[in-house]
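Below is one structure, written out as structure tokens; comments come after it.
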Amino acid sequence: MYEYLIVGSGISGAVLANLIADKINKKVLVIDRKNHIAGNCYDYKDENNITVHKYGPHIFHTNNKEVWDYLSKFTKWHYFYLKPNAVIEGNKVSLPFTLKTLREVFSPAMAERIENKLLSAYGYGVKVPILDFQNSTDEDLKFIGKYVYENVFKNYTMKQWGLKPEEIDPTVTARVPVYISNDVRYFQDKYQAIPLNGYTEMISNILNHKNITVKLNTDSKELDLNNFKHIYYTGAIDEYFDYKYGELPYRSLRFDVQTINKEYYQNTVVTNYPNDYDFTRITEHKYFLGEKSEKTTISIEYPEAFEIGKNERYYPISNEKNNSLYNKYLDEAKNNQNLHFFGRLGDYKYYNMDLAVERVLKLFNEKEK
Ligand code: FAD
Ligand code: UDP
């Protein structure tokens, strides 16, 4: 008999299971309806011995030392900075849009003029969300704002969300600001890395505890939840309540995974295609861990709307309407003191892995410590 049920063996569910098993010595049952652990962080070695990130490119990055130290107990790290490219006007340039990109896109004289304007308006090292340029009065700043909006954000965001940049939560596009810097890394966090033997192994190590049992291919709907004293749920809250107030919208993705019969396909791990084609980006997986192989594996990422029974939920779509629907479900959940929602789907929040772990560390301290 297990006192604790955790629904979902992604990074959120795994970390909570480990804390309960280890810190308070309770028996935990972790279930997942997929046939593997690790949720969206899942990776596997393919026939060419390349570690493939099944659900899209995952780079761990954080400024939170507690989170970093916690995960470091379960994995060694391959230190890694993400430096993607974007194809603009047919040319591969560096992304995010930095002073380097400015020089890649424009003539030296024009780049220098705009760089000086950016430096005097904002200063070196400042990150400017794309929508902030709309308030500029200076002609050059207005121009560069419009250029980056049109060439990097507008069409990518239309593909990714089915909406224009100004129609989505501003924190989403602010994840990739114009960076007035020569630092071309996608993230500036103190800790950036990929688990040396992959995410699946790291999460397997987190779950590997005498008090934890993992059951795959098991949906929470198949269990009698009354048998458990505490239920921690990382799935979608609207699904848990049988959509009684309506469906919460999510964005989904389709991955076209291909083996290419040459050593390298592109010159960096991720290339974004903001404007051309129907896909948003191409990931070449061997770059994550610097793996060598005669062939290479790529995945081409096509965004699509989430539809029940057709595809998976990947991104919550945060806006006033959806957040208030989410809160209705959360209020309903409060009727049961022993039921808790968390994780990217359970909280309906666009968490990176570090924020998902940070949330679990807090949740455990609040509820169980
Ligand atoms: P999930 O990984 O979604 O796990 C939830 C689990 O619950 C799933 O395995 C699911 O099968 C299971 N489940 C749901 N309902 C039920 C049910 N009723 N019964 C049984 N099981 C159920 N983060 C970063 O930090 N860096 C990155 O570079 C990065 N890149 C990303 C790229 C993409 C394309 C995506 C989609 C996400 C990316 N993320 C990245 C975010 C990262 O994937 C999430 O932060 C993380 O996976 C959240 O883990 P979770 O455990 O909360 O949720
Ligand atoms: N974005 C964009 N063009 C790009 C990269 C990002 O318009 O080349 C916008 C887009 O709206 C995207 C958001 O910025 O959804 C966040 O990008 P990020 O790379 O963080 O997305 P994720 O890796 O989480 O899918």
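Side chains included, hydrogens not; waters and symmetry mates left out as well; all remaining heavy atoms used. By convention here, the first residue in the shown sequence is residue 1. For ligands, and for the atoms within them, numbers begin at 1 and follow the listed sequence.
Stacking of Lys286 on the aromatic ring of Tyr264 is recorded, both the 6.0 Å distance cut-off and the 45° axial limit being met. For Arg344 and Tyr351, the positive end is not near the middle of the six-membered ring at less than 6.0 Å and at most 45° from its axis. A cation-pi arrangement, defined by a distance under 6.0 Å to the six-membered ring centre and an angle within 45 degrees of its axis, is absent between Lys154 and Tyr149.
Separation of the Tyr348 and Tyr250 ring centroids falls under the 6.0 Å cut-off. His53 and Tyr199 have their aromatic ring centers within a separation under 6.0 angstrom.
Residue contact check for ligand 1: Phe60 places no non-hydrogen atom closer than 4.0 Å to it. Assignment of Ile37 to the shell around ligand 1 is not supported, since no heavy atom sits closer than 4.0 Å. Within the structure, ligand 1 has Tyr315 among the residues with a heavy atom less than 4.0 angstrom away.
If you number the atoms of ligand 1 from 1 as listed, the ones under 4.0 Å from a heavy atom of Gly39 come out as 2 (O), 4 (O), 9 (O). In the vicinity of Tyr315, heavy-atom distances shorter than 4.0 Å reach the ligand 2 atoms 22 (P), 24 (O), 25 (O). Listed by number with element, the atoms of ligand 2 under 4.0 angstrom from any heavy atom of Arg281 are 22 (P), 23 (O), 25 (O). Close approach of ligand 1 to Gly235 (heavy-atom distance below 4.0 Å) involves ligand atoms 14 (C), 15 (N). Atoms of ligand 1 found under 4.0 Å from any heavy atom of Leu253, numbered from 1 in the order shown, are 34 (C). Which parts of ligand 2 touch Leu95 is read off a 4.0 Å heavy-atom cut-off, strictly below it: atoms 8 (O).
Counting only distance, with no hydrogens or angles, the side chain of Lys23 and the backbone of Glu368 share no donor-acceptor pair below 3.5 Å. Of the possible donor and acceptor atoms, none in the side chain of Asp256 sits under 3.5 Å from a partner among the backbone N and O of Ile300.
In this comparison of Tyr351, Phe255, Tyr55, the heavy atom closest to atom 45 (O) of ligand 1 sits on Tyr351. The residue among Glu239, His58, His53 with a heavy atom at the shortest distance from atom 37 (C) of ligand 1 is His58. Of the listed options Ser220, Pro303, Ser299, Ser220 places a heavy atom closest to atom 19 (N) of ligand 1. Considering only non-hydrogen atoms, atom 30 (N) of ligand 1 lies nearest to Pro57 out of Gly56, Ala38, Pro57. When Glu222, Arg344, His61, Glu301 are checked for heavy-atom proximity to atom 53 (O) of ligand 1, Arg344 turns out nearest. Which of Leu82, Val7, Val360, Thr280 comes nearest to atom 17 (C) of ligand 1 through a heavy atom is settled by distance: it is Val7. For atom 46 (C) of ligand 1, the choice among Cys41, Ala14, Gly10 with the nearest heavy atom turns out to be Cys41.
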Report task. Determine, step by step, whether Leu253 and Tyr55 satisfy the side chain to side chain contact (heavy atoms under 4.5 Å, CB included) criterion, reporting the C-alpha distance in whole Å, the side-chain angles of both residues, the deciding distance to 0.1 Å, and the verdict. Result -> CA-CA 8 Å; Leu253 300 169; Tyr55 303 102; over 6 Å; no
Query raised in the report: Are Trp77 and Tyr191 close enough, and set up right, to give a ring-ring contact (aromatic ring centres under 6.0 Å, His included), and what steps lead you there?
Result: CA-CA 10 Å; Trp77 297 102; Tyr191 306 101; 9.2 Å; no
Query raised in the report: Checking side chain to side chain contact (heavy atoms under 4.5 Å, CB included) for the pair Ser9/Val30: CA distance, chi angles, key distance, verdict?
Result: CA-CA 6 Å; Ser9 65; Val30 179; 3.8 Å; yes
**Report entry** Tyr122 vs Asp132, side chain to side chain donor-acceptor pair (under 3.5 Å): CA-CA, chis, key distance, verdict
**Finding:** CA-CA 11 Å; Tyr122 298 100; Asp132 286 16; over 6 Å; no
Report task. Give the intermediate values and the outcome of ring-ring contact (aromatic ring centres under 6.0 Å, His included) for residues Tyr350 and Tyr315. Result -> CA-CA 7 Å; Tyr350 195 166; Tyr315 298 86; 5.5 Å; yes
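Considering backbone and side-chain atoms together, Tyr156 places no N or O closer than 3.5 Å to any N or O of ligand 2. In terms of polar-atom proximity, Gln160 is not counted as a contact of ligand 2, lacking any N or O under 3.5 Å from an N or O of the ligand.
With a 4.0 Å heavy-atom cut-off, ligand 1 is reached by no atom of His36. At a 4.0 Å heavy-atom cut-off, ligand 1 touches Tyr233 through the side chain alone. Proximity of Val152 to ligand 2, defined as any heavy-atom pair under 4.0 Å, is shared by backbone and side chain alike.
Remark: the Asn352 side chain and the Asp354 side chain contain no N/O donor-acceptor pair separated by less than 3.5 Å.
When only non-hydrogen protein atoms are considered, atom 13 (C) of ligand 2 lies nearest to Val172 O, 3.5 Å. For atom 24 (O) of ligand 2, the nearest non-hydrogen atom of the protein is Tyr350 OH, 2.5 Å. Ranking the protein heavy atoms by distance from atom 18 (P) of ligand 2 puts Tyr186 OH, 3.7 Å first. Distance from atom 20 (O) of ligand 2 to its nearest protein heavy atom, with residue and atom name: Arg175 NE, 2.7 Å. Of all protein heavy atoms, the one closest to atom 11 (O) of ligand 2 is Thr157 OG1, 2.9 Å. For atom 5 (C) of ligand 2, the closest non-hydrogen atom on the protein side is Asn272 ND2, 3.5 Å. The shortest contact between atom 36 (C) of ligand 1 and any protein heavy atom is with Tyr314 CD2, 3.6 Å. Nearest protein neighbour of atom 17 (O) of ligand 2, counting heavy atoms only, is Val176 CG2, 3.5 Å. In terms of protein heavy atoms, atom 15 (O) of ligand 2 is closest to Trp161 NE1, 2.8 Å.
Ion pairing between a basic and an acidic side chain is recognised when a charged N comes within 4.0 Å of a carboxylate O; Asp183 and Arg185 show such pairing. In this structure, Arg103 pairs ionically with Glu115, as a charged nitrogen and a carboxylate oxygen lie closer than 4.0 Å.
In this pair, Phe143 and Tyr147 present their aromatic rings tilted. The plane angle is within the 30 to 60° band.
Within the 4.5 Å cutoff, no side-chain heavy atoms of Ile37 are placed close to those of Tyr42.
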